[in-house]
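Residues: numbered from 1 along the sequence shown.
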Amino acid sequence: MKNNNEFRVESMSDYLGEEYEEQMDQETPWEIDNDEKANWALRKCAEIEEEKERISDLAAAETLKIATWKEKQIEQLQKSREYFEGMLGYYLMRLREKNDKAKINVPNGTVYTRKSPQKWSYDEEKVIAWAKEAGKSDWIMIREELNKADLKKQVKALESEVVLESTGEVIEGITLTDGEEKVVVRLK
């Protein structure tokens, strides 16, 4: 936990979990009390990371194999569906030769036609230019976004507020939160 610039461990079990609890059940619990044990513990951490990577690689390979199999099965089924839909469409068109309002309505489903709405394609640059000339500014959206990089170049962070460096004016709407201190273990 963080208290000013002080770092304290409330409970070792928070950091070590079940293995720590198992160690505490023994008569003389193991602890790291010299560089040799610290080095051994770091080596164990590295071995754990290697095992995690091996498991992840294996899972990824199996996931890829299953995804590939699934994709092939779905593709075959989709081709079959497209074949039957094509045959149904052909049958509907033959019925429409006799009755232009015909549809197929049977217990397992319905086949009919529906006109899709017009598709609109925009050359946005041309339309925006035209809208500006025609006075249709309501057709044009202007997006406002905070340029945080430029802002940070011109302000200064104090303990609980941010001020404009050139004037000392407090900038409203920015909250400062202290970062938390945490233990970092870097493996070589």
Side-chain angles (χ1 to χ4, degrees), residues 1-2 4-5 49 52-53 55-187:
M1 292 198 150
K2 188 175 179 199
N4 294 335
N5 288 331
E49 288 305 310
K52 284 169 48 180
E53 189 173 327
I55 289 169
S56 292
D57 290 347
L58 177 63
E62 289 300 309
T63 301
L64 178 62
K65 187 175 11 173
I66 291 169
T68 303
W69 171 83
K70 173 189 166 195
E71 204 57 43
K72 285 181 183 176
Q73 298 301 310
I74 298 291
E75 186 179 316
Q76 287 176 352
L77 291 170
Q78 186 60 31
K79 285 179 182 177
S80 293
R81 179 173 177 153
E82 288 170 4
Y83 169 77
F84 288 114
E85 285 179 354
M87 296 300 286
L88 287 164
Y90 179 71
Y91 174 58
L92 179 62
M93 291 305 130
R94 285 189 313 189
L95 292 175
R96 290 269 172 98
E97 290 173 0
K98 297 175 187 166
N99 175 1
D100 61 348
K101 302 279 186 196
K103 68 179 185 177
I104 302 169
N105 191 359
V106 293
N108 282 315
T110 307
V111 181
Y112 58 94
T113 59
R114 178 176 48 185
K115 187 170 183 167
S116 57
Q118 283 182 318
K119 182 180 177 190
W120 291 41
S121 299
Y122 302 91
D123 181 335
E124 289 204 25
E125 287 182 20
K126 288 181 180 178
V127 177
I128 289 172
W130 185 92
K132 284 179 180 178
E133 286 179 27
K136 296 290 186 185
S137 59
D138 57 322
W139 291 6
I140 303 169
M141 291 190 302
I142 299 173
R143 292 189 178 103
E144 290 185 359
E145 187 176 329
L146 189 60
N147 186 338
K148 295 174 187 171
D150 282 354
L151 178 142
K152 286 182 178 181
K153 291 176 188 175
Q154 298 177 32
V155 298
K156 183 175 184 176
L158 302 177
E159 282 204 25
S160 63
E161 56 193 13
V162 176
V163 297
L164 189 59
E165 276 190 305
S166 61
T167 65
E169 182 181 356
V170 174
I171 310 294
E172 293 186 28
I174 300 176
T175 322
L176 298 176
T177 307
D178 288 338
E180 295 182 16
E181 191 170 339
K182 50 186 169 175
V183 175
V184 176
V185 176
R186 183 172 293 141
L187 302 173

Sequence neighbours excluded, every pair satisfying salt bridge (charged side-chain N to carboxylate O under 4.0 Å, His left out) that has a member inside residues 152-175
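Qualifying pairs, neighbours excluded: Asp150-Lys153.
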Please report the C-alpha distance between Asp138 and Ile140 in whole Å, then the side-chain angles of each, then the deciding distance to 0.1 Å, and finally whether the side-chain contact (heavy atoms from CB on, under 4.5 Å) criterion is met.
CA-CA 5 Å; Asp138 57 322; Ile140 303 169; over 6 Å; no
Which of these, Gln73, Glu71, Lys65, sits in a side-chain contact (heavy atoms from CB on, under 4.5 Å) with Trp69?
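In the set Gln73, Glu71, Lys65, the residue that makes a side-chain contact (heavy atoms from CB on, under 4.5 Å) with Trp69 is Gln73.
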Would you check if Val163 and Leu158 make a side-chain contact, meaning some heavy-atom pair closer than 4.5 Å?
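Yes, side chains in contact.
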Are Asp123 and Glu125 packed together at the side-chain level, in the sense that at least one heavy-atom pair is separated by less than 4.5 angstrom?
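With C-beta onward as the side chain, the pair touches.
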Identify the heavy atoms of Ile171 and Val155 that sit nearest to each other, and give their distance.
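Closest pair (atom of Ile171, atom of Val155, distance): CG1-CG1, 4.2 Å.
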Can you name the nearest heavy-atom pair linking Lys136 to Trp130, along with the distance?
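In this case the closest contact between Lys136 and Trp130 is CG-CZ3, 4.2 Å.
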To the nearest 0.5 Å, tell me how far [X] [atom1] sits from [Y] [atom2].
X      : Y      : atom1 : atom2 : result
Ile74  : Leu77  : CD1   : CG    : 6.0 Å
Ser160 : Ile174 : OG    : CD1   : 12.5 Å
Ser166 : Gln154 : OG    : CD    : 7.5 Å
Ile128 : Trp139 : CD1   : CH2   : 12.0 Å

Does Tyr91 form a side-chain contact (heavy atoms from CB on, under 4.5 Å) with Ile104? I'd like the steps, not just the answer.
CA-CA 9 Å; Tyr91 174 58; Ile104 302 169; 3.1 Å; yes
Take Arg143 and Met141 through the test side-chain contact (heavy atoms from CB on, under 4.5 Å) and record every step on the way to the result.
CA-CA 6 Å; Arg143 292 189 178 103; Met141 291 190 302; 3.6 Å; yes
Any chance you could lay out the side-chain contact (heavy atoms from CB on, under 4.5 Å) test for Thr113 and Leu92, step after step, and finish with the verdict?
CA-CA 9 Å; Thr113 59; Leu92 179 62; 3.8 Å; yes
Show every side chain to side chain donor-acceptor pair (under 3.5 Å) that has at least one partner inside residues 77-90, sequence neighbours left out.
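Listed by first then second residue: Gln78-Glu82, Arg81-Glu85.
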